[in-house]
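Step one of this worksheet: look at the structure below.
Here the structure is a predicted model, which means the values were calculated and not measured. The sequence lines fix the lettering, A, B, ..., with proteins before strands; numbering per chain opens at 1.
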Number of protein chains: 2
Amino acid sequence: MRIGELSRRSGVSSRALRYYEEQRLLRPVRRPSGYREFSEDDLDSVRRIRLLLAAGLGTAMIAEILPCMVEGNEGLAAGCPELLDALGGEHDRIAASIAELESARTLLARIIATPVPTPG
Amino acid sequence: MRIGELSRRSGVSSRALRYYEEQRLLRPVRRPSGYREFSEDDLDSVRRIRLLLAAGLGTAMIAEILPCMVEGNEGLAAGCPELLDALGGEHDRIAASIAELESARTLLARIIATPVPTPG
DNA sequence: ATCGACTCTCGCGTCGATGTGAAGCTACAG
DNA sequence: CTGTAGCTTCACATCGACGCGAGAGTCGAT
């Protein structure tokens, strides 16, 4: 499919998709015209990319992670014992982040639920 | 206390603290010298500010929320029925964000836990 | 052949919470 | 009095994931 369709189906802007290619997160093939041709798998990739981006990972890190999810996972510990460390770090950071968010959510919930002072 | 002490005790840079004042999140009094004088309560405020910032709220929103936490909560629904909406929105956004982060964490955990293929 | 919708590359603009000096004033120790 | 550590304002720099517009080529249907 071309970039417009992927954009519609993923809900991600074309600009962003081109950016992901630039960052080597996606590797669409090119038609003779120069048009990008994306596969169905790329749709899954895009979803994972968004998920990890939302989790605060950078494109560079994501670029290293993505390959570990397509064809078996041999590429992971095989090529990168240090990547495993980084991954663990990210995992912990995310966990901490979740805890923080829960505090914030609780805080807001408390404010919202605070009863309006009844006059009298 | 002066800005340096607040910085040390809160773990937040002086630059950031000045920025918070500029955004009306903090309202330190001024000494004749021009030096800022912060109260003990400001330390709590700073912690809440960081929490809400980490939760993705902007300084403008935080500026509206903070007053609701110091002197009773009468200022909340009293002055701002619409603030309540915004607050609810943020709350939901945070909840959604937590869900996303948990997906991401699970994803990473799965990758990390993936057994290295035993040769043979 | 042509028209509208789509796509291409290139490159500057954006946003928000800071970092980073620069130049000068203040506070306190010796 | 002097040193030095801390404080002041001002203003430009940063970073990452995009937005946006220009100018030009492409696709598919009529």
Length of the [atom1]-[atom2] vector between [X] and [N], whole Å:
X       : N      : atom1 : atom2 : result
B/Glu5  : D/dC7  : CD    : C1'   : 14 Å
B/Leu53 : C/dG16 : CG    : C1'   : 10 Å
B/Arg50 : C/dG16 : CZ    : P     : 17 Å
B/Met1  : D/dG6  : CE    : P     : 16 Å
B/Glu21 : C/dT18 : CD    : P     : 15 Å
B/Arg15 : C/dA22 : CZ    : P     : 16 Å
B/Leu17 : C/dT18 : CG    : P     : 9 Å
A/Arg31 : D/dG28 : CZ    : P     : 7 Å

For [N], does either OP1 or OP2 sit under 4.0 Å from a side-chain N or O belonging to [X]?
X       : N      : answer
A/Arg30 : C/dT9  : yes
B/Ser33 : D/dC7  : no
A/Arg36 : C/dT7  : no
B/Thr59 : C/dA17 : yes

Nucleotide of [options] approaching [X] most closely (side-chain heavy atoms):
X       : options               : result
B/Ile3  : D/dC7, D/dT9, D/dA11  : D/dC7
B/Arg18 : D/dT9, C/dG19, C/dT9  : D/dT9
A/Tyr20 : C/dT18, D/dC18, C/dT7 : D/dC18

Quick check against the 3.5 Å criterion: does A/Ser7 have a side-chain atom that pairs as donor or acceptor with the backbone of A/Ile3?
no
Quick one: on DNA chain D, does A/Gln23 or A/Pro32 contact a more 5' nucleotide (nearest heavy atom)?
A/Gln23
Under the salt bridge (Lys or Arg N to Asp or Glu O under 4.0 Å) test against A/Glu21, which residue among A/Arg36, A/Arg27, A/Arg15 passes?
A/Arg36
A/Arg24, CZ atom: more than 12 neighbouring heavy atoms under 6.0 Å:
no
Same cluster or not: A/Tyr35 versus A/Met1, using hydrophobic residues (I, L, V, M, F, W, Y) connected whenever any side-chain heavy atoms lie under 4.5 Å apart?
no
May I ask you to say what B/Arg8 touches in the nucleic acid, namely base, sugar-phosphate or nothing, with a heavy-atom cut-off under 4.0 Å?
nothing
Applying a 4.0 Å non-hydrogen cut-off, can you work out what A/Ser13 is touching in the nucleic acid: base, sugar-phosphate, or nothing?
sugar-phosphate
DNA chain C: B/Arg2 or A/Arg2, which has the more 5' nearest nucleotide?
A/Arg2
I'd like to know if B/Tyr19 reaches the base of C/dG16 with its side chain, counting only an N/O donor and acceptor under 3.5 Å.
no
Donor-acceptor pair under 3.5 Å: do we get one between A/Tyr35's side chain and the base of C/dC6?
yes
Any chance you could measure B/Leu107, atom CG, to A/Glu90, atom CD, to the nearest 0.5 Å?
12.5 Å
So B/Arg93 and B/Leu57, side chain to side chain contact (heavy atoms under 4.5 Å, CB included) or not? Walk me through it.
CA-CA 10 Å; B/Arg93 198 185 45 69; B/Leu57 302 211; 3.2 Å; yes
